[in-house]
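The structure appears right after this line, and notes come after that.
Values reported hereafter were calculated over all heavy atoms of this structure, with side chains retained and with hydrogens, waters and symmetry mates removed. Throughout, a chain's letter reflects where its sequence line sits, starting with A, and its residues are numbered from 1.
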Protein chains: 2
Amino acid sequence: MKVLSKSCVYGLRALLYIVSEKPRGAFVNIGEISEQLNISFHFLTKTFQVLTQAGILQSYRGPNGGVALARPAEEVFLIDIIHLLEGPGFFDNCLLGLAGCGEAAPCPVHDFWISHKAALKEEFRTASLAQMGARINMKKLRLGP
Amino acid sequence: MKVLSKSCVYGLRALLYIVSEKPRGAFVNIGEISEQLNISFHFLTKTFQVLTQAGILQSYRGPNGGVALARPAEEVFLIDIIHLLEGPGFFDNCLLGLAGCGEAAPCPVHDFWISHKAALKEEFRTASLAQMGARINMKKLRLGP
DNA sequence: ATATTTTAAGACATAATAGTATTAAATCTT
DNA sequence: AAGATTTAATACTATTATGTCTTAAAATAT
């Protein structure tokens, strides 16, 4: 059940690494993240570029450079990242891929799919990076291998 | 939120078409299905080959040939089709793609993901083709464009 | 100034998925 | 038996996703 693209998964894991491992606002070397999480450096860099251009991250080149959250971790939600990296219509697709599937002309699995989808969306909408970071440290959850 | 591959979606829609539109056990022309559901004939044929070899469908060549359910529609469940066309581990993957994610070493979204996943799996496990076919006819649900 | 560190950007390569075309085999009709 | 119809099997092409590599640009340190 592959739901998220690699790019999105990497983005999420990397952001969660930053908020859980680093003091707020600190610039983190992309090389360190890619190493710790076992993600291709260049691939991660590309993903981060999207997040930087979208104003989620800020970046700084040169020695002691890196990336840092551009906004307070309390104000960034997982759904923001997902919408950025998967596209804005991510939570709107029919499970069977039918265009215009909805209450008016539902597909056979519309009813139960829409309820699960909405619940999932709500979880991502309310989960902030700050909250997740705290949870990760408290419960010692893992982000890498 | 693309969860199922095209092949799987086509397989599900096609089977639901058969059980909802045709008398039980009838052989249906693949060309008719691909036309009605607006699916590439050859692609659908390939998908059906998997289902035929797995014993879900039986096929017959020549004039008036086609495919038909090989077992009673009450005994075929959506999860069977999904496992065949997506792979047997479909409902076992970590949302963040971490190998060995589980109770012992959970990822940050393990808890809520596993509950949604289990609920979804249960729906597919208990939904038979017969049941779905009846629902489709009763509620006039759609399978194509 | 020059060299070093680091992200940015884009080109290139590989793999997975999706879609198309061709040929073969089985069955039916006449 | 001949020809038409229909699935089976294989091969080929196209598209997208993923991953790698190279060069450029920016900042720092010496």
Side-chain angles (χ1 to χ4, degrees), chain A residues 1-15 18 22 26-35 37-70 82 85-87 90 93 96-97, chain B residues 1-15 18 26-70 82 84-87 89-90 93 96-97:
Chain A
M1 197 163 180
K2 211 201 84 189
V3 173
L4 300 171
S5 69
K6 289 281 182 187
S7 189
C8 188
V9 165
Y10 291 167
L12 288 170
R13 286 171 56 204
L15 288 173
I18 295 172
K22 302 292 172 179
F27 278 83
V28 191
N29 188 310
I30 300 182
E32 174 191 331
I33 304 176
S34 76
E35 208 171 295
L37 302 184
N38 196 31
I39 297 172
S40 151
F41 170 78
H42 288 102
F43 200 96
L44 185 56
T45 293
K46 275 199 294 194
T47 299
F48 274 168
Q49 280 169 30
V50 177
L51 299 178
T52 301
Q53 282 164 13
I56 301 287
L57 291 174
Q58 58 188 132
S59 68
Y60 219 74
R61 296 196 252 207
N64 305 314
V67 293
L69 277 184
I82 293 174
L85 297 174
E86 298 285 357
F90 185 70
N93 299 125
L96 298 182
Chain B
M1 197 165 180
K2 213 201 84 190
V3 173
L4 300 171
S5 68
K6 288 280 183 187
S7 189
C8 187
V9 165
Y10 292 169
L12 288 170
R13 285 172 57 204
L15 287 173
I18 294 172
F27 277 83
V28 190
N29 188 309
I30 299 182
E32 174 192 331
I33 305 176
S34 76
E35 209 171 294
Q36 290 295 316
L37 301 185
N38 196 32
I39 297 172
S40 150
F41 170 77
H42 288 102
F43 199 99
L44 185 55
T45 293
K46 274 199 294 192
T47 299
F48 273 169
Q49 280 169 29
V50 177
L51 299 178
T52 301
Q53 282 164 13
I56 301 286
L57 291 173
Q58 57 188 132
S59 69
Y60 220 74
R61 293 197 254 208
N64 305 316
V67 293
L69 278 184
I82 293 173
L84 269 168
L85 297 174
E86 299 285 356
F90 185 70
N93 298 126
L96 298 183

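Rounded to an integer number of Å, the gap from CG of A:L44 to P of C:dA8 is 11 Å. Taking atom CD1 of residue A:I33 and atom P of nucleotide C:dT6, one finds them 13 Å apart after rounding to whole Å. One can place CZ of B:F41 at 12 Å from C1' of C:dA21, the figure rounded to the nearest angstrom. One interatomic measurement links the two molecules: CG of B:L51 to P of D:dA9, which rounds to 13 Å at whole-angstrom precision. Per the geometry, CZ belonging to A:F43 stands 19 Å off P belonging to C:dC12, to the nearest Å. With rounding to whole Å, B:L4 atom CG is found 15 Å from C:dA18 atom C1'. Distance A:I39 CD1 to D:dT18 C1': 13 Å, rounded to the nearest Å. Counting to the nearest Å, the P atom of C:dT17 and the OH atom of B:Y10 are 15 Å from each other.
The heavy-atom pair separating B:F48 from B:A14 by the smallest distance is CZ-CB, 3.4 Å.
Here B:Y60 does not reach the OP1 or OP2 of D:dT5: none of its side-chain N or O atoms lies under 4.0 Å away. For D:dT10, neither phosphate oxygen OP1 nor OP2 lies less than 4.0 angstrom from any side-chain nitrogen or oxygen of B:Q49. Note on A:K2: a side-chain N or O is less than 4.0 Å away from OP1 or OP2 of D:dT18. Under 4.0 angstrom from either OP1 or OP2 of D:dT6 there lies at least one side-chain N or O belonging to B:N29. For B:S59, no side-chain nitrogen or oxygen approaches OP1 or OP2 of D:dT6 to under 4.0 Å.
In the set D:dA8, C:dT7, D:dT20, D:dA8 carries the atom at the smallest distance from any side-chain atom of B:I30. For A:S40, whose side chain is taken as the heavy atoms from C-beta onward, the closest listed nucleotide among D:dA29, D:dT20, D:dT18 is D:dT20.
If you check every strand for non-hydrogen atoms under 4.0 Å, B:F27 touches nothing. Within the nucleic acid shown, A:F48 has no heavy atom closer than 4.0 Å to any nucleic acid atom. Using a 4.0 Å heavy-atom cutoff across all strands shown, A:Q53 reaches sugar-phosphate atoms only and no base atom.
Looking at A:H42, its side chain comes within 3.5 Å of the base of D:dT22 through a donor and an acceptor atom. Side-chain atoms of B:R61 and base atoms of C:dT27 include no donor and acceptor less than 3.5 Å apart. A donor-acceptor contact under 3.5 angstrom links the side-chain atoms of A:K46 to the base of D:dT20.
Within the model, atoms CD of B:E35 and CD1 of B:I30 stand 13.5 Å from one another, a figure rounded to the nearest 0.5 Å.
No side-chain heavy atom of B:Y10 sits under 4.5 Å from any side-chain heavy atom of B:I33. Side chains of B:L15 and B:L69 form a contact here, defined as non-hydrogen atoms less than 4.5 Å apart.
Comparing A:S7 and A:N64 by the nucleotide of DNA chain D that holds the closest heavy atom to each, the one mapping nearer the 5' end is A:S7. Between A:S5 and A:P63, the one whose closest nucleotide on DNA chain D sits nearer the 5' end is A:S5.
Within a 6.0 Å sphere centred on CD of A:E32, heavy atoms belonging to other residues, nucleotides or ligands number more than 12.
A distance-only check finds a donor-acceptor pair linking the side chain of B:E86 to the backbone of B:S5 [under 3.5 Å].
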